[in-house]
Amino acid sequence: MHRWSQLFIPTLREAPADAEVASHKLLVRAGYIRQLGAGIYSFLFMGNRSTQKIMAIVRQEMDKIGQEFYLPALNPREIWEASGRWKVMGENMFRLKDRKGADLCLGMTHEEVMTDIARKELRSYKQLPQIWYQIQTKFRDEPRPKSGLLRVRQFIMKDAYSFDIDAAGLDVSYQKHYETYCRIFDRCGLRYMVIDAHSGAMGGSQSQEFMVRTPAGEDQVVSCGKCTYAANMEKAASKLPAVEDLKPEGNGQLGIAGPIEVHTPGQKTIEDVARFLGVSPVHTIKTLAMMSTAENKAGDKDDKGDKDNKKAAGIRAQAIVLLLRGDHQMNEAKLSTALAGKDTRPMQEDEIRDLFQSPAGYLGPLGIDWAKDMNDSAKPILLVDQALAGRTNLIGGANKDEYHVKHLTPGKNFHPTAYADLRSVTAGEECPNCGAPLRIDTAVEIGHIFKLGYKYSESMGARVLDHNGKEIAPIMGSYGIGIERILTAAVEQSNDENGFWLSPSIAPFEVVVVSTNSKDEAIRNASEDIVRKLEAAGFDVLLDDRDERPGVKFKDADLVGIPFRINVGKKVTEDTVEVVQRSTLHKEDVKISAITEHFQGLRPASR
RNA sequence: CGGGACGUAGCGCAGCCUGGUAGCGCACUUGCUUGGGGUGCAAGGGGUCGCGAGUUCAAAUCUCGCCGUCCCGACCA
């Protein structure tokens, strides 16, 4: 029997001043966690019970589709060199040396170790498909740990990897994970959404994230209120209302006029220029100048050391000019996708002047010899956002101080290297599927499924023989769930000023029995009797037998996340206790003799 | 890594400007009291004032350096 009086559940009336978000404050106040350092937390009794239950659910569901492994957190440098990520991970990876001076790191994720096993062991298509998973501690040296358990440097992750002979097989493995993840999050009692995610340029053909809406989240999620469309900001699309182009000016001639320079003294921002010329920003072009930085994030399989990379950098750095509609915002992830994973940085003013002979605020597309296609690395690339395709008579920079140009028409007056989706969606724009207005929310990512493709199997040399005896690389998927984030998200979405409530499936206890007066023998006996009965029926029950005033116990019971409370008071003489549902605070009298049946009735059918 | 704030008892804070015996609330201990929403009374225990230098007769307080934590930004397969 779990007696509160004997347990360590250090509840706090006030949250530490450090805590900002609800889940952080409440998990500390409820005695679930304590902070050890920035982004490093200890789980105490209650917190550990909850995460253990979450892991049990994850295991049960994952065991239906895969096999559990347990891989080392301590990894030798070599396998990370093999995949090219020793370098790519940069400062985000914890690194250390052993006594012999050999480089080691703490795993941030386990594609390398899993693929290493695969390359050593898998030989034939007959061994495929495989789904391997583990529940493991990950380490990431976050530049800025924050928001309590939301962004930490050490955390538990369930990570799974699939190996298939072909893309069709990967589709099946991916779908299995999708369904499994839905079951896991459903069982954890979360309200979540599944969104299309940015899959990067690394051959990742599909990627979805499981998100929980909360103001504490760090991701921006675009979703449709009417249909099921939902996507990460980095991927989201929208329909734009048609824009009526400006009429060409001049002697009444039809069609499109040629570019005309206009004097725009002191007008630097889009808003200034639009106002000055008496037009809406939708008729203007926003010009952004970027410089590609050397490394190809997705690529570099062969990490030959600093010198070679720097040399390559010198060759590959390239100017990239972006054109967007004046009122649109550039999205870096989309830009990266358009550039096949290349990193970019904004150009310096003097670079713009040197390259384009234009002052920084007045850059425009005219008179520059743009690259013909994306592979033309000798000339600057002109990337034009799709929203400008088909538009006419736009206003843009004249490459000349205090001058803009009217009557710019893409494809006519200048020739883009390519069109691409480069802009961020904003709230209220139309859903690409159904046209209803889109909303944007912040959310926290609790799971991610990802079609990896061949990146790791190829770079690390995993090969199997196919039906024809031909050697091929297996195609992989990777699938993650943040264990603590399930807890955190659950707290974020179910709390009030007095505390939080978890689903019975992941709460440290399903019921707390409050003995309202521990000096009263009848009450005390009845309380223990109820606990015994419920435990016999398989419930996790906490008995609050502390010698405290009822008010103190009620406050604590409300705080600590337990979904049901039984108040044992004077009515025991009438065989009656009060059952309180924490989420609704709904109270009802229940006969002690029928207490087990009462709770069995509340249980989900499948168990 | 850039910008900002903070560091005094387990938690929340005052004291610092104007240098001189370290304080409040909660929590904790003991006794009494109370017993359905953090009961009341009384008596107690607990602090290297983040660390290190410096100035001074004297430093929580002034100066410098370091460390730590939080927030904004950058970053976030």
Side-chain angles (χ1 to χ4, degrees), chain A residues 8 10-21 24-25 28-29 31 34-40 80 83-85 87-93 107-112 138 140-148 150-153 155 157 159 161 197-204 207 209 217-220 232 234 297-298 332-333 336 341 343 345-346 444-445 448-453 455-456 476-480 482 498-499 514-520 523-524 544 546-559 565-572 577-578 580 585 587:
Chain A
F8 183 62
T11 58
L12 259 30
R13 198 183 289 215
E14 285 177 285
D18 284 352
E20 198 79 3
V21 302
H24 186 195
K25 289 179 185 166
V28 172
R29 284 191 54 207
R34 286 295 184 263
Q35 182 172 13
L36 182 62
I40 311 175
W80 289 81
S83 71
R85 294 208 293 183
K87 188 163 206 79
V88 173
M89 288 308 190
E91 302 257 74
N92 282 338
M93 190 152 71
M108 306 172 66
T109 167
H110 281 79
E111 278 83 1
E112 279 78 4
K138 310 288 184 194
R140 294 187 188 177
D141 193 359
E142 287 287 344
R144 186 146 96 81
K146 59 183 280 201
S147 306
L150 244 29
R151 184 81 160 269
V152 290
R153 295 195 290 177
F155 57 97
M157 184 167 158
D159 50 322
Y161 306 86
H198 173 66
S199 47
M202 49 185 66
S207 167
E209 291 169 338
E218 321 192 82
D219 291 322
Q220 300 279 306
N232 193 301
E234 299 177 341
K297 234 182 187 173
E332 278 186 55
S336 170
D343 279 335
R345 60 166 174 81
V444 58
E445 179 186 347
H448 194 169
I449 54 178
F450 195 105
K451 289 184 182 173
L452 275 179
K455 176 174 161 59
Y456 296 92
M476 293 174 59
S478 94
Y479 316 89
N498 292 318
V514 175
S515 169
T516 58
N517 186 342
S518 47
K519 289 206 170 69
D520 183 317
I523 290 176
R524 205 172 60 227
D544 191 351
R546 294 175 298 168
D547 184 16
E548 289 286 355
R549 310 233 337 153
V552 173
K553 296 187 177 188
F554 294 154
K555 285 286 183 194
D556 272 344
D558 285 348
L559 174 62
R565 180 171 99 217
I566 300 176
N567 293 332
V568 184
K570 287 164 296 218
K571 282 191 243 170
V572 288
V577 290
E578 189 175 61
V580 185
L585 298 177
K587 295 176 185 174

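Lettering follows sequence order; numbering is per chain, from 1. No hydrogens, no waters, no symmetry mates; every other heavy atom, side chains included, goes into these values. All values derive from a computational prediction rather than experimental measurement.
- With sequence neighbours left out, Y161(A) forms a ring pair (Phe, Tyr, Trp, His ring centres under 6.0 Å) with no residue at all.
- Under the salt bridge (charged side-chain N to carboxylate O under 4.0 Å, His left out) criterion, E332(A) pairs with no residue, sequence neighbours left out.
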Per-nt protein contacts along nucleotides 1-15 of chain B (heavy atom under 4.0 Å; B base, S backbone sugar-phosphate only, - none) come out as B---------SSS--
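- Pairing for C66(B) is with G50(B), a Watson-Crick or G-U wobble pair whose two hydrogen-bonding atom distances lie under 3.5 Å.
- Checked against ring pair (Phe, Tyr, Trp, His ring centres under 6.0 Å), H110(A) has no partners two or more places apart in sequence or in another chain.
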Using a cut-off of under 3.5 Å, enumerate the N/O to N/O pairs linking the protein to nucleotides 42-47 of chain B.
none

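- Across all strands shown, C16(B) has no partner, as no Watson-Crick or G-U wobble contact with both distances under 3.5 Å is found.
- Applying the salt bridge (charged side-chain N to carboxylate O under 4.0 Å, His left out) rule to E209(A) yields no partners; only residues at least two apart in sequence or on another chain are considered.
- Annotation: salt bridge (charged side-chain N to carboxylate O under 4.0 Å, His left out) contacts of E445(A) (sequence neighbours excluded): none.
- Taking 4.0 angstrom as the limit, R549(A) places none of its side-chain polar atoms (N or O) nearer than this to OP1 or OP2 of G35(B).
- Under the side chain to side chain donor-acceptor pair (under 3.5 Å) criterion, K571(A) pairs with D589(A), not counting sequence neighbours.
- Applying the salt bridge (charged side-chain N to carboxylate O under 4.0 Å, His left out) test to R546(A) and every residue at least two apart in sequence or in another chain returns D544(A), D556(A).
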